[in-house]
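Read the structure below first, then the notes.
Side chains included, hydrogens not; waters and symmetry mates left out as well; all remaining heavy atoms used. Atoms within a ligand are numbered from 1 in the order they appear, just like the ligands themselves.
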Amino acid sequence: MEVIIQPDEDAAARLVARIIAHHLRRNPALVLGLATGRTMTRVYHWLVRLHRDEGLDFSRCRTFNLDEFIGLPPEDPHSYRHFMNTHLFDLVNIDKARTHLPDGMAPDLEAECERYEKLIRTSGGIDLQLLGIGRSGHIGFNEPCSSLSSRTREKALCPTTLEQYAPQFGGDPHQVPRRAITMGVGTILESKRCLLLATGREKADILHRAVEGPVSAMVPASALQLHPRCTVIADEPAAEQLEMKEYYRWLFDNEPEWEPFRT
Ligand code: GLP
């Protein structure tokens, strides 16, 4: 795992977008794993800019989102499908038939989870998986106690997550859907590369536990320590509690791979 610290959330999101663009240019048929949430809106803003200003081409890539709420139809403004259409898919030259999210309205949810796993496999697996981190330590909706080898499945949202989402549902945690379909931790760990973005002081404690604490199902994001190619990008406030900050800065300044991304 490596950690890159950026001065603020805009710089962190822009760096994530530039890394995604770099991979997409090298492999236009990239299989891209996508995430939702407040943190990601800036990444998508920058990807849209790169499409408009530099012609970044999405026409041949395929995308798989991490998760979707159960019981929300795609046209519901709170659904992740709606989020993705609004923030990215409607604004770039992507073929929507190549964009995938779990179907939270499927009559047989277990079959839907199996279908999703199979589709990822038959697409050749995820090349680059974008991730945020929840205040509970979740990645996707893998809440604390999630098996570190779990696959795509239904999952109940934990109280911290319901609280985190309440403002978007009129301030009432009871209005937030109780369950979601999420890729499993095991599914995520199979992607060839992971990029986790964390911004803001409210993520500082959980980021420290995920990156520098022990690998534990109580902090599902800590499983990323087991991934052979995982890069964490944090802004200064989110990095506040990291103990090895200066070492991470040194590595970023000295790793040849990051040379094109230092400015
Ligand atoms: C949600 C999503 C996660 C996301 C996380 C962080 O619950 N399921 O994939 O990473 O929350 O959200 P935010 O960026 O809004 O803090």
Side-chain angles (χ1 to χ4, degrees), residues 6 8-10 12-13 16-17 20 32-47 63-72 76-84 86-88 100-102 104 113 116 126 128-144 146 150 152-169 171 173 175-185 187-189 191 194-207 209-211 219-224 230-235 237-239:
Q6 293 288 287
D8 56 46
E9 63 177 323
D10 197 50
V16 170
I20 294 172
L32 190 52
L34 295 175
T36 49
R38 180 194 57 82
T39 317
M40 296 303 148
T41 57
R42 273 173 200 263
V43 175
Y44 298 143
H45 161 84
W46 281 108
L47 283 177
T63 67
F64 286 92
N65 264 79
L66 285 165
D67 44 18
E68 178 59 284
F69 290 115
I70 290 174
L72 297 188
D76 188 298
H78 297 112
S79 75
Y80 283 165
R81 164 54 80 178
H82 188 273
F83 176 99
M84 290 310 303
T86 317
H87 291 283
L88 185 67
H100 308 283
L101 284 92
C113 295
Y116 204 64
I126 292 170
L128 178 62
Q129 177 66 57
L130 179 58
L131 296 159
I133 182 169
R135 288 198 313 242
S136 66
H138 70 211
I139 42 174
F141 271 131
N142 293 286
E143 299 285 29
S146 287
S150 52
T152 301
R153 69 210 183 292
E154 276 183 68
K155 200 69 193 144
L157 308 192
C158 78
T160 319
T161 302
L162 296 174
E163 261 168 49
Q164 181 181 329
Y165 268 92
Q168 291 171 44
F169 287 82
Q175 298 305 312
V176 183
R178 294 311 222 224
R179 301 179 74 74
I181 294 182
T182 180
M183 275 185 207
V185 179
T187 321
I188 294 167
L189 290 180
S191 54
C194 286
L195 269 187
L196 183 140
L197 173 63
T199 60
R201 188 155 287 119
E202 72 274 13
K203 300 285 173 70
D205 172 54
I206 198 66
L207 189 70
R209 289 165 61 202
V211 173
V219 182
S222 67
L224 294 168
C230 177
T231 306
V232 172
I233 293 164
D235 66 356

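The residues Lys203 and Glu9 are annotated as not salt-bridged, no charged nitrogen and carboxylate oxygen being separated by less than 4.0 angstrom. Contact check on Glu143 versus Lys155 returns no salt bridge, with no Lys/Arg side-chain nitrogen under 4.0 Å from an Asp/Glu carboxylate oxygen. Using a 4.0 Å cut-off between charged side-chain N and carboxylate O, Glu68 and Arg179 make no salt bridge.
Nearest to atom 15 (O) of ligand 1 among the protein's heavy atoms is Arg38 N, 2.8 Å. The shortest contact between atom 14 (O) of ligand 1 and any protein heavy atom is with Thr39 OG1, 2.4 Å. In terms of protein heavy atoms, atom 6 (C) of ligand 1 is closest to Ile133 O, 3.6 Å.
At a 4.0 Å cut-off, at least one heavy atom of Gln164 sits close enough to ligand 1 to count as contact. Not a single heavy atom of Glu202 sits under 4.0 Å from any atom of ligand 1. At least one heavy atom of Lys203 sits less than 4.0 Å from an atom of ligand 1.
Using bins of under 30°, 30° to 60° and over 60° for the plane-to-plane angle, the ring pair Phe141/Phe69 lands in the tilted bin. In this pair, Phe83 and His87 present their aromatic rings tilted. The plane angle is within the 30 to 60° band. In this structure, Tyr80 and Tyr165 have tilted ring planes: the angle between them lies in the 30° to 60° band.
The ligand atoms of ligand 1 that sit less than 4.0 angstrom from a heavy atom of Tyr165 are 1 (C), 2 (C), 7 (O), 11 (O). Near Gly132, the atoms of ligand 1 lying under 4.0 angstrom from a non-hydrogen atom of the residue are 10 (O). The atoms of ligand 1 that sit less than 4.0 Å from any heavy atom of Phe141 are 7 (O), 8 (N). Contact atoms of ligand 1 toward His138: 1 (C), 3 (C), 5 (C), 7 (O), 11 (O) (distance under 4.0 Å to a heavy atom of the residue). Residue Tyr80 has at least one heavy-atom neighbour below 4.0 Å for each of these atoms of ligand 1: 1 (C), 2 (C), 7 (O), 8 (N).
The shortest N or O to N or O distance between Gly140 and ligand 1 is below 3.5 Å. Here's the thing with Asp67: one of its N/O atoms is less than 3.5 angstrom from an N/O atom of ligand 1.
To the nearest 0.5 Å, atoms CG (Leu131) and SG (Cys230) are separated by 7.0 Å.
Taking the salt bridge (charged side-chain N to carboxylate O under 4.0 Å, His left out) definition, one finds that Arg178 meets it with nothing, sequence neighbours left out.
For the residue pair Ser146 and Arg153, a side-chain donor N or O sits within less than 3.5 Å of a side-chain acceptor on the partner.
The closest non-hydrogen atom to atom 4 (C) of ligand 1, taken over Thr36, Thr161, Ile139, Thr41, comes from Thr36.
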